[in-house]
Asks: 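Just dropping this structure here.
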Number of protein chains: 2
Amino acid sequence: MATGRNHRPATSRSRGIPDATVARLPLYLRALTALSERSVPTVSSEELASAAGVNSAKLRKDFSYLGSYGTRGVGYDVEYLVYQISRELGLTQDWPVVIVGIGNLGAALANYGGFASRGFRVAALIDADPAMTGKPVAGIAVQHSDELERVIEENGVSIGVIATPAASAQPVADRLVAAGVTSILNFAPTVLSVPEGVDVRKVDLSIELQILAFHEQRKSGELPDDGRAVPGTDIGEDAGGGVTGSPVAPPAASVTKRTASAAPAATDRRGDEPGNDGDLPAVMPA
Amino acid sequence: MATGRNHRPATSRSRGIPDATVARLPLYLRALTALSERSVPTVSSEELASAAGVNSAKLRKDFSYLGSYGTRGVGYDVEYLVYQISRELGLTQDWPVVIVGIGNLGAALANYGGFASRGFRVAALIDADPAMTGKPVAGIAVQHSDELERVIEENGVSIGVIATPAASAQPVADRLVAAGVTSILNFAPTVLSVPEGVDVRKVDLSIELQILAFHEQRKSGELPDDGRAVPGTDIGEDAGGGVTGSPVAPPAASVTKRTASAAPAATDRRGDEPGNDGDLPAVMPA
DNA sequence: ATGTCTTTGTGAACGCGTGCACAAAGATAG
DNA sequence: CTATCTTTGTGCACGCGTTCACAAAGACAT
Ligand SMILES: NC(=O)c1ccc[n+]([C@@H]2O[C@H](COP(=O)([O-])OP(=O)(O)OC[C@H]3O[C@@H](n4cnc5c(N)ncnc54)[C@H](O)[C@@H]3O)[C@@H](O)[C@H]2O)c1
Ligand SMILES: NC(=O)c1ccc[n+]([C@@H]2O[C@H](COP(=O)([O-])OP(=O)(O)OC[C@H]3O[C@@H](n4cnc5c(N)ncnc54)[C@H](O)[C@@H]3O)[C@@H](O)[C@H]2O)c1
């Protein structure tokens, strides 16, 4: 979630592809690539939609934003569509990427094949810990933070991945931006502030789990209690260096005396399907 | 993004909290927790919104769905709100979780502190590789896949995390569901099919990067080429990596006769390159 | 050519999410 | 108790995204 302004001047009216559509293109591409490997020549919107897990009407509308690449009565040419989507997403070019913070997660990311398989090339692995410098991870020697700016400039890196502790995320983001990076994928649980023109997308495992927990709670019985009732189980422990941490403490109702029954007994509305369709997976860049 | 059905009868009108709001609650909770640690008693919607990186009006509306916990002229009581949101998200209770696939990513997740800090407890680590069995990861001994059902039942696990290669994701999901899991967090790049009533959320690094690439491409110059134009243009730039094997070659728009399509880039590279575990979907239309 | 059958492309309706703007609630001062 | 000032809670309008439903484009058969 980009911290700075989050405006949408709707300036993108002419050739702009809807954000929701852009977010689905990679999904279609993946399905198409699989078909391509099986040498399937064409595919109908119905089949492809099924493979991508979406509605066929939605898929057709999405493709309509790219132009008319289908043939009525037949479907879409797989190879041609793979190319068109790849081009639209900018995957026909090479994107050098730097990963900052080579800890548990950073190392896993460096080893991840999903990078290279789509035109993303790990240009460098950066870590502030001197003990890490020179150490090979996924076949690449880790470089010290001091090299950050140089690496970015020399390789023309425009995409950076942050996998440092939360406390270091903002400073790292600032350096990345100052050095020329204009797109950041942030794994640290923090809201980053970046100047306009810089895109930030975040991946937060903790948030995903919390959303699941919410739905899970709905499925099996109602809320724990009215809320101002007894203190709940307290959950302590926390990983070091997180903005998070303090255990869930029972209420404290201060300020003005909380008139009781603030929580309106959740009416057991069962119509609410568990389908978490609407939830946005991540963030929509500005 | 649930894979299975994705409808929204809109039946949820009374007590249902909007999905978009639910997705933001963890964000507010994080900001509030930080304030709580600094012993800040109250906070205004403006301040909190800023800390969470959202619009203040949006935040107030979100909170309005939970009830009226604020005090006009003053703001919100931090401790009280932390408790209310935690309760709403179901964090006042303990959620045992199983992680399946203890490879690079799975191990990182097991070591992640964000789990425990919010009521999520790693009940077990499961891996199919016999060599991994018994091996301690993050202080927990890895168990063989055979133990999956037993572990789920004995611990009452309802949330499962999949970090196996894409090809194994669906089978693992099936077993998880059969054993009683009703919420799945999937890290494998595949569309999962699950019965109604089971929530699936996915985290796909590759998709995030592709979305960033799309915007990045827009920022610096337009598309490589019109695309609809005659193929053969030097778009063939295509970095060595290319999009998953098929060398993103401008396929001819065989709108009518698709002859050569039968022999399209005969999957030359085998998914062994330092990055191609199983990125491709194994799911096919019914 | 003409007819039939399949599947695309999209107009239109609808619902959700966002953000503005403001009345009202309540704190605080006099 | 009254006045003023701060900040919430929300009615309302708007735009985006989703989905339906269907005309028409084109393949294919005769
Ligand atoms: N491990 C996970 O599964 C997981 C999941 C979601 C989010 N996260 C988040 O990702 C981040 C990293 O997690 P982790 O488990 O890998 O932590 P980690 O402690 O294992 O690794 C962090 C690494 O960052 C380096 N680092 C610290 N400050 C730095 C700086 N200023 N510049 C460059 N490098 C710096 C450290 O030397 C260390 O190697 C954390 O913010 C965590 O909350 C982790
Ligand atoms: N590493 C990353 O940063 C990253 C990022 C995004 C997505 N992913 C995806 O996450 C998944 C795991 O990635 P990884 O890098 O950890 O891969 P990995 O190969 O290191 O680990 C996979 C693990 O799963 C185990 N496994 C295989 N089949 C299994 C089964 N049926 N049941 C239980 N365990 C099984 C393997 O023994 C192995 O230990 C992949 O699908 C990958 O595409 C990884």
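Chain letters run A, B, ... following the sequence lines, proteins first and then strands; every chain starts at 1.
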Asks: Whole angstrom is fine here: how far is it from CD in A/Glu47 over to C1' in C/dT8?
Replies: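 Distance check: A/Glu47 CD to C/dT8 C1' gives 14 Å.
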
Asks: Indicate yes or no for a side-chain donor-acceptor contact from B/Asn186 to the backbone of B/Thr190 under 3.5 Å, with no hydrogens or angles considered.
Replies: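 Confirmed, B/Asn186 side chain pairs with B/Thr190 backbone.
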
Asks: Rounding to a whole Å, what distance do you find between A/Asp19:CG and D/dT18:P?
Replies: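 Result: 11 Å.
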
Asks: Does the side chain of B/Tyr80 come under 3.5 Å of the side chain of B/Gln84 through a donor N or O and an acceptor N or O?
Replies: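 There is such a pair (donor and acceptor under 3.5 Å, judged by atom type) between the side chains of B/Tyr80 and B/Gln84.
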
Asks: Could you go through nucleotides 9-11 of chain C and list every protein N or O atom that sits under 3.5 Å from one of its N or O atoms, giving the distance for each pair?
Replies:
unit_1	atom_1	unit_2	atom_2	d
C/dG9	OP1	A/Gly70	N	3.0
C/dG9	OP2	A/Tyr76	OH	2.6
C/dG9	O4'	A/Arg72	NH2	2.8
C/dG9	N7	A/Arg60	NE	2.9
C/dG9	O6	A/Arg60	NH2	3.2
C/dG11	O6	A/Lys61	NZ	3.3

Asks: Tell me the interatomic distance from A/Lys58, atom NZ, to C/dC16, atom P, rounded to whole angstroms.
Replies: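 Value for this atom pair: 14 Å.
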
Asks: Under the ring pair (Phe, Tyr, Trp, His ring centres under 6.0 Å) test, which residues partner B/Phe63, sequence neighbours left out?
Replies: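 Ring pair (Phe, Tyr, Trp, His ring centres under 6.0 Å) check on B/Phe63 returns B/Tyr28, B/Tyr76.
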
Asks: Can you tell me if the side-chain N/O atoms of A/Asn55 get under 4.0 Å from OP1 or OP2 in D/dG17?
Replies: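 No.
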
Asks: Is there a donor-acceptor contact under 3.5 Å from the side chain of B/Trp95 to the main chain of B/Gly90?
Replies: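 Side chain of B/Trp95 to backbone of B/Gly90, a donor-acceptor pair under 3.5 Å: yes, one is there.
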
Asks: Rounding to an integer number of Å, can you tell me how far B/Leu81 CG sits from D/dT7 P?
Replies: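 B/Leu81 atom CG is separated from D/dT7 atom P by 16 Å.
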
Asks: Please give, in whole Å, the distance from C/dA27 C1' to B/Asp77 CG?
Replies: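 Computing the B/Asp77:CG to C/dA27:C1' distance gives 15 Å.
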
Asks: CG of B/Leu66 versus P of D/dG9: gap in Å, rounded?
Replies: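 Answer to the nearest Å: 10 Å.
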
Asks: Begin from the C-alpha positions of B/Arg218 and A/Ile17 and carry the test side chain to side chain contact (heavy atoms under 4.5 Å, CB included) through to its verdict.
Replies: CA-CA 11 Å; B/Arg218 298 241 141 171; A/Ile17 296 177; 4.2 Å; yes

Asks: Give a yes or no on whether the backbone of B/Ser193 and the side-chain of B/Gln170 come within a donor-acceptor separation of less than 3.5 Å.
Replies: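 Here the side-chain-to-backbone pair exists.
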
Asks: Is the phosphate of C/dT8, meaning OP1 or OP2, less than 4.0 Å from a side-chain N or O of A/Ser45?
Replies: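 Checking C/dT8 against A/Ser45, a side-chain N or O does come within under 4.0 Å of OP1 or OP2.
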
